[in-house]
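Okay, so here's the structure we're looking at.
Worth saying up front: this structure is predicted, and the values here are computed from it rather than measured.
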Amino acid sequence: MTRTFRLTLKQYVIPPEHGGWFLWIGPFVLGALAAGRLKIDLLLLLLLIAAGYLSRQPLIILVKALAGRRARADADAALRVFVLIGVLAALLFAGLLLRGQLYLLWLGLPALPVLALQLWLVARRQERQMGIELIGSG
């Protein structure tokens, strides 16, 4: 792995909140155990959730760069990483929909206004509030 690739991963892909991984992996593992057997749908869902989680970091960097909170050069790299992860997520999502998991459309809808609020607060430098942290965790 080249130094540039590792730096790109660390800066634009891996979220800085270390405890955030547990907030989605824990419930996923419990749900997978409740399902009783490993199916391809569970693997696709795991990858989709991971892609969604990893896409937040480049999106936040992009919003910060566009709001003048980071260097403008960060916007290009963040956008490239976000699009790459987004394409992967779209393919995983389409695969799950084709396999009949249409309920995922309804489960994802509540996340959109929360994400929009988070990005709006990031642009205004107000993203670190306890209430927002709790809503984001949910």
Please list, one pair per line, the donor and acceptor atoms closer than 3.5 Å that link side chains of residues 80-93 to other protein atoms, with sequence neighbours excluded.
none

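- A distance of 8.5 Å separates CG of Leu115 from CZ of Arg56, quoted to the nearest 0.5 Å.
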- Message: Test side-chain contact (heavy atoms from CB on, under 4.5 Å) on Leu42 and Leu46; report intermediate values, then the result.
- Response: CA-CA 6 Å; Leu42 276 175; Leu46 174 67; over 6 Å; no

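- Nearest heavy atom pair, residue Val114 against residue Pro110, reads CG2-O, 3.6 Å.
- Note that the CG atom of Leu54 and the CD1 atom of Ile49 stand 12.0 Å from one another [nearest 0.5 Å].
- To the nearest 0.5 Å, atoms CG (Leu59) and CG (Leu79) are separated by 9.5 Å.
- Between Gly95 and Leu44, the shortest heavy-atom distance links the atoms C-CD1, 4.4 Å.
- Under the 4.5 Å side-chain heavy-atom criterion for grouping Ile, Leu, Val, Met, Phe, Trp and Tyr, Leu30 is not connected to Trp24 through any hydrophobic cluster.
- Between Ala67 and Ala123, the closest heavy-atom pair is CB-O, 3.8 Å.
- Placement of Leu98 and Leu105 in two distinct hydrophobic clusters is found when ILVMFWY residues are connected by side-chain heavy-atom separations under 4.5 Å, directly or transitively.
- Through direct or indirect side-chain contacts shorter than 4.5 Å among Ile, Leu, Val, Met, Phe, Trp and Tyr, Trp106 is connected to Leu109, Leu112.
- The two residues Ile40 and Arg99 come nearest to each other via the heavy atoms CG2-NH2, 2.8 Å.
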